[in-house]
Amino acid sequence: MPYRSSSRSGSPATAINLTIDGLPVTVVRKPIKNMYLRIKPPNGEVVISAPKRMGDHIIADFVRGRRSWIDEHVRRMAEARRKSMDAGGPIDDGSASGVERGGDAAGRGDLADVGAGRPGVGGGAGQDGSAGDSGAVPTFDRAAIWTPERKAQAAAGINAQLPGLLARWEPVIGRAPSHITLRVMTSRWGSCTPATGRIRLNLQLGLMEPCFLEYVLVHEMTHLWERGHGTGFQRRMSAYLPNWRQLRRELNRRVVL
């Protein structure tokens, strides 16, 4: 079977998942004229934006014609991740790479900031790795990364900063979390349950630059006022942290371990 597909709904655009010669590809059909290919950091997710009426076989041929380019960019992102895992630090994979049908460069905007379910700061989705000859994407051993020592180090880093951050931001935002939980997360930097005031923070933030913990905390505390990421949320974030969009871009380039 050269490729198979499965569909998902819930947004104005129609999204399906294709597997083309062993390579997972997300196809988002939109009211556009050209087809675009993106390799999204940090996990090397292959995403195609295609016209609504374009057939799967055309998209499959498009991907096959650029398979070596795709594999090379996915390999680079996987290599950056492995190096960071060895060094024990955060990973910066660079901005998204993309091509338009016809071969023109088409590097495109920010990664999504919304995860499924409760509001939160999204990170990379799924596992990454380099696509080998078989097209398979290897996984990594999260248990080997998050040793008890590393968890303790990360928690200590966050706990050392939280009192000062809360003292600074609670008067500014006008809301306070009822409880903050630290945990290893697979695809998010943080999340919030506005109804209960509970906030969850990714332990990895304790191993990163302090500006990212501050951004995620302010982001989640803003959800105590605004459940979604609409105009009201953006207006508040711009008032609290004028450079929040830049921080979001930088954070979305990091791999969630």
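Considering CD of Glu170 and CG of Leu166, their distance stands at 5.0 Å, rounded to 0.5 Å. Note that CH2 of Trp189 is 4.0 Å distant from CD of Gln204, once rounded to the nearest 0.5 Å. In this structure, the separation between CG on Asn202 and CZ on Arg254 is 13.0 Å, given to the nearest 0.5 Å. Remark: Phe212 CZ to Arg248 CZ distance equals 13.5 Å, nearest 0.5 Å. In this structure, CD1 in Ile48 is found 6.0 Å from CE in Met35, a value given to the nearest 0.5 Å. Separation of atoms CG (Asp21) and CZ (Arg67) is listed at 6.5 Å; rounding is to 0.5 Å.
Looking only at distances, a side-chain donor or acceptor of Arg66 sits under 3.5 Å from a matching main-chain atom of Phe62. The backbone N or O of Ile173 lies less than 3.5 Å from a partner atom in the side chain of Trp225, making a donor-acceptor pair. Without hydrogens or angle criteria, Ser49 side chain to Tyr36 main chain gives no donor-acceptor distance under 3.5 Å. Using a distance-only test at 3.5 Å, with no hydrogens or angles considered, no donor-acceptor pair links the side chain of Arg175 to the main chain of Met221.
Smallest separation of non-hydrogen atoms from Pro163 and Asn159: CD-O, 3.1 Å. Contact detail for Arg29 and Gly55: the closest heavy-atom pair is NH2-C, 3.8 Å. Gly197 approaches Leu224 most closely through the heavy-atom pair CA-CD2, 3.7 Å. In terms of heavy-atom proximity, Pro194 sits nearest to Cys192 at CD-O, 3.4 Å. In terms of heavy atoms, Gly228 sits closest to Phe233 at O-CB, 3.3 Å. Across every non-hydrogen atom of Thr181 and Arg198, the tightest pair is OG1-NH2, 3.9 Å.
Ring geometry for His229 against His223 counts as perpendicular: the plane angle is over 60°, on a 0 to 90° scale with 30° as the lower cut.
Look at Arg253 and Glu250 and you find no salt bridge, because none of the NZ, NE, NH1 or NH2 atoms lies under 4.0 Å from a carboxylate O.
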Next on the checklist: Is there a side-chain contact (heavy atoms from CB on, under 4.5 Å) between Val63 and Val46? Walk through the geometry before answering.
Outcome noted: CA-CA 10 Å; Val63 170; Val46 181; 5.5 Å; no
Item to check | From CA spacing to verdict: side-chain contact (heavy atoms from CB on, under 4.5 Å), Thr19, Asn17 | outcome: CA-CA 7 Å; Thr19 301; Asn17 296 319; over 6 Å; no
Checklist entry - Yes or no on side-chain contact (heavy atoms from CB on, under 4.5 Å) for Leu162 and Leu217, after CA distance, side-chain angles and deciding distance? => result CA-CA 9 Å; Leu162 271 182; Leu217 181 64; 4.1 Å; yes
Checklist entry - Could you walk me through whether Leu37 and Ile70 pass the side-chain contact (heavy atoms from CB on, under 4.5 Å) check? => result CA-CA 9 Å; Leu37 164 64; Ile70 293 171; 3.8 Å; yes
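There is a side-chain donor-acceptor pair under 3.5 Å between Ser191 and Arg200. Gln153 and Arg150 are not linked by any side-chain donor-acceptor pair at a separation below 3.5 angstrom, with hydrogens and angles left out of the test.
Between Pro31 and Lys52 there is a side-chain heavy-atom pair separated by less than 4.5 Å. Using a 4.5 Å cut-off on side-chain heavy atoms (C-beta onward), Glu214 and Arg168 make contact. Counting only heavy atoms from C-beta outward, the side chains of Met237 and Tyr215 approach each other to under 4.5 Å. Counting only heavy atoms from C-beta outward, the side chains of Trp244 and Val218 never approach each other to under 4.5 Å. Within the 4.5 Å cutoff, the side chain of Arg64 has heavy atoms near those of the Ile20 side chain. By the 4.5 Å heavy-atom criterion applied to side chains, Met54 and Ile59 are counted as neighbours. The side-chain heavy atoms of Asp56 and Ile16, taken from C-beta on, include a pair separated by under 4.5 Å. Between Leu205 and Val216, some side-chain heavy-atom pair lies under the 4.5 Å cut-off.
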